[in-house]
There are 2 protein chains.
Amino acid sequence: MKILLVDDHRILLDGLRFLLQSGEEEAEVSTASSVEEAWDMLRKDPPELVISDISVPKVGGIAFAKQVREHYPLIKVIFLSMHEQPHLVREALATGAEGYVLKKSAHEELLKAVKEVMGGALYFSNEIHKILVQRLRFPEDEKILSQREKEVLNLIFEELSNREIGEQLHISERTVETHRKNIYQKTKTNSLVGLLKFALENNLVSGLN
Amino acid sequence: MKILLVDDHRILLDGLRFLLQSGEEEAEVSTASSVEEAWDMLRKDPPELVISDISVPKVGGIAFAKQVREHYPLIKVIFLSMHEQPHLVREALATGAEGYVLKKSAHEELLKAVKEVMGGALYFSNEIHKILVQRLRFPEDEKILSQREKEVLNLIFEELSNREIGEQLHISERTVETHRKNIYQKTKTNSLVGLLKFALENNLVSGLN
DNA sequence: AATGATATCCGTGCTGGTGGGTATTTTTTA
DNA sequence: TAAAAAATACCCACCAGCACGGATATCATT
């Protein structure tokens with residue numbers, strides 16, 4: 001069984017390779033520490049399974065998973081991430097990934113996830129399960145930002161003024177203000193600071209990290 | 001040689017244990033996923049070396065290192081962290097740690113660090129070295145916020161208005177404004193967003209993480 | 001004694017963001 | 001194809017934040 005591991009922390013990659021190869025299955029594990037590298041390797045020699053981090057510099061694990069799903073729908077995908085924020089988890093699972101394991105889990109759990117997923121099932125850590133259930137019970141929290149709103153949010157965190165954002169997006173400053181209002185409503189925040197905290201906690205902005 | 005590993009990601013711990021034990025040295029590796037747990041284990045059976053993450057929930061790896069240094073000055077400490085922000089690195093090394101290895105490094109580098117440190121030397125990843133050199137060349141960047149300014153910054157981060165901050169600290173709103181001005185100058189930022197980004201990058205605020 | 005950093009206080013006026021609306025067009029979804 | 005969501009745009013009133021002026025007191029270091 002061929003597995004491709006993607007994570008920007010080499011040390012984790014090296015450790016994981018050991019772990020996976022020590023599992024009873026004869027696993028052939030290759031590793032990549034960036035999405036670009038991973039994509040190259042995947043095209044040259046498609047694996048059966050991709051295990052990817054989410055917070056990978058630049059492109060990000062979620063975008064990578066989408067790409068994989070689109071071009072190689074048969075390849076299974078498991079996310080291995082430290083993040084357990086509802087919004088992020090939801091976005092990740094919306095790519096159609098077969099698994100989501102938290103980094104704080106024991107390694108046995110990852111091995112189990114691999115086995116389950118390769119057997120055709122899905123596997124999620126307990127915490128992720130809870131989020132899915134929570135989602136059923138409180139669907140009103142579902143409201144996620146639209147694409148445009150995300151763009152505006154990111155430009156806000158580029159320290160641009162509303163006028164500048166308008167110019168950048170070729171829309172009126174008034175429209176930017178409207179977007180801003182809607183963002184505040186959807187995120188239930190009412191100050192720039194609160195918004196920033198929310199955005200960081202939910203990985204909605206691409207600065208930092 | 002007894003080694004204590006501290007990190008809140010179990011999977012990383014499991015992988016690292018493999019890596020360290022596969023190194024030629026006969027290493028006896030124990031692991032802890034919280035500072036409290038680590039401290040218990042350390043007291044019961046003191047290791048020669050502690051390898052700790054920095055962003056451990058609640059207490060944090062830096063505080064833990066200080067504690068270890070104070071009560072067991074002979075135990076060597078190596079930080080294994082993803083963070084490479086100058087302020088944070090400086091704070092970490094100020095504890096007197098013998099090493100600082102980035103998680104994005106290859107595992108060979110960690111083994112090398114262990115060997116060097118146990119041999120009585122220090123070991124830092126290249127990126128960390130650069131920060132130390134940079135520090136020598138541009139000491140003017142050292143200017144850190146005063147205690148009062150840090151308090152104000154934290155309250156800003158609590159989403160308080162200047163008026164509320166004034167009440168909280170029993171000072172005039174004007175004074176808060178002055179502090180704010182000085183903070184902006186020192187951090188070379190000129191917007192709330194920029195300031196918050198700076199604060200987060202340099203761990204000046206106690207929210208989040 | 002002089003210096004620099006810290007901390008405190010005050011007034012004024014401008015501007016950008018906030019919050020209250022309303023409304024049209026396009027796109028997506030059911 | 002009808003309904004819903006997203007994106008666009010505008011008006012107006014309000015005020016917090018901030019720039020730009022000032023000012024004084026304390027303390028450690030030089």
Side-chain angles (χ1 to χ4, degrees), chain A residues 66 70 87 90-91 94-96 135-136 138-199 202 204-205, chain B residues 87 138-199 204-205:
Chain A
K66 272 186 199 151
E70 192 181 335
H87 284 262
R90 198 153 49 85
E91 203 183 335
T95 64
R135 205 193 148 193
L136 284 177
F138 303 102
E140 64 273 22
D141 285 349
E142 275 302 293
K143 279 180 187 164
I144 193 66
L145 301 184
S146 70
Q147 195 52 44
R148 199 55 154 177
E149 286 163 348
K150 279 184 197 168
E151 289 178 57
V152 172
L153 184 57
N154 270 284
L155 291 175
I156 289 174
F157 292 135
E158 298 282 323
E159 292 174 63
L160 301 190
S161 69
N162 283 350
R163 189 180 48 73
E164 290 170 319
I165 294 174
E167 285 168 8
Q168 189 97 21
L169 299 179
H170 306 294
I171 57 177
S172 155
E173 189 179 344
R174 309 286 147 230
T175 311
V176 179
E177 286 170 8
T178 304
H179 283 313
R180 232 181 151 115
K181 273 185 288 191
N182 294 335
I183 292 173
Y184 275 118
Q185 280 177 6
K186 287 188 181 179
T187 60
K188 297 193 189 73
T189 55
N190 50 21
S191 77
L192 194 52
V193 177
L195 181 59
L196 177 72
K197 282 157 87 172
F198 178 90
N202 294 287
L204 289 173
V205 283
Chain B
H87 280 79
F138 302 102
E140 65 272 22
D141 285 349
E142 279 300 296
K143 279 181 188 166
I144 197 66
L145 302 183
S146 73
Q147 195 51 45
R148 199 54 154 177
E149 286 161 349
K150 277 184 196 168
E151 291 178 57
V152 172
L153 183 56
N154 269 284
L155 291 176
I156 291 174
F157 204 72
E158 298 282 322
E159 293 175 63
L160 301 189
S161 69
N162 283 349
R163 189 180 48 73
E164 289 169 319
I165 295 174
E167 286 167 9
Q168 188 95 21
L169 299 179
H170 307 294
I171 57 178
S172 152
E173 189 179 344
R174 309 287 147 215
T175 310
V176 178
E177 286 171 9
T178 304
H179 284 312
R180 233 181 151 114
K181 271 186 290 191
N182 294 335
I183 292 172
Y184 276 120
Q185 280 177 7
K186 287 190 181 178
T187 60
K188 298 192 189 74
T189 55
N190 51 21
S191 76
L192 189 52
V193 175
L195 178 59
L196 292 178
K197 279 159 85 173
F198 178 91
L204 290 172
V205 284

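Chain naming here is simple, since letters A, B, ... match the order of the sequence lines and numbering starts at 1 in each. For the numbers below, each heavy atom of this structure counts, side chains included, while hydrogens, waters and symmetry mates do not.
Across the protein-nucleic acid pair, B/I183 atom CD1 and C/dT6 atom P stand 11 Å apart, rounded to whole Å. Summarising the geometry, the separation between CG on A/N182 and C1' on C/dG19 is reported as 12 Å, rounded to the nearest angstrom. Here C/dA5 presents its C1' atom at 9 Å from CD of B/E149, a figure rounded to the nearest Å. When rounded to the nearest whole Å, the span between CD of A/E151 and C1' of D/dA6 equals 12 Å. B/E173 has its CD atom 12 Å from the C1' atom of C/dC10, to the nearest Å. Here D/dC18 presents its P atom at 10 Å from CD1 of B/I165, a figure rounded to the nearest Å. Atom-to-atom, CG of A/N190 to P of C/dT18 comes out at 10 Å; the value is rounded to the nearest Å. We find that CZ of B/R163 is positioned 16 Å from P of C/dC9, with the value rounded to whole Å.
Among the heavy atoms of the strands lying under 4.0 Å from B/R180 are primed sugar atoms or P, OP1, OP2 only; no base atom is included. A/Q147 comes within 4.0 angstrom of the backbone, heavy atoms only, and of no base. Residue B/T175 is classed as a base contact, given a heavy-atom separation below 4.0 Å to a base. No contact: A/S191 has no heavy atom under 4.0 Å from any strand. Residue-level contact check: A/R148 touches the backbone only, with heavy atoms under 4.0 Å from sugar-phosphate atoms and none from bases.
At a threshold of 4.5 Å between non-hydrogen side-chain atoms, the residues A/Q185 and A/N182 count as touching. In this structure, A/R148 and A/I171 have side chains that are in contact, with non-hydrogen atoms separated by less than 4.5 Å. When side chains are defined from C-beta on, B/L192 counts as touching B/R180, because their heavy atoms get closer than 4.5 Å. A/V152 places a side-chain heavy atom less than 4.5 Å from the side chain of A/L169.
If you check D/dG17, C/dA7, C/dT12 against the side chain of B/R174, the one that comes closest is C/dT12. Comparing D/dC20, C/dG21, D/dA9 by their closest approach to the side chain of B/K181 singles out D/dC20. Listed candidates were D/dC10, C/dT8, C/dG19. Nearest to the side chain of B/T178 is C/dT8. With C/dG19, C/dT6, D/dT8 as the choices, the nucleotide that has an atom nearest any side-chain atom of B/K186 turns out to be C/dT6.
A donor-acceptor pair under 3.5 Å is formed between the side chain of A/K197 and the backbone N or O of B/F157.
Each of B/E177 and A/N162 has a nearest nucleotide on DNA chain C; the 5'-most of these lies closest to B/E177. Nearest-nucleotide positions on DNA chain D place A/L169 closer to the 5' end than the other of B/L192 and A/L169.
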B/E177 vs B/K181, salt bridge (Lys or Arg N to Asp or Glu O under 4.0 Å): CA-CA, chis, key distance, verdict:
CA-CA 6 Å; B/E177 286 171 9; B/K181 271 186 290 191; over 6 Å; no

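Put simply, the side chain of A/S172 and the base of D/dC10 share no donor and acceptor less than 3.5 Å apart.
For the OP1/OP2 pair of C/dG19 and a distance below 4.0 Å, the side-chain nitrogens and oxygens of A/Y184 include no atom meeting the criterion.
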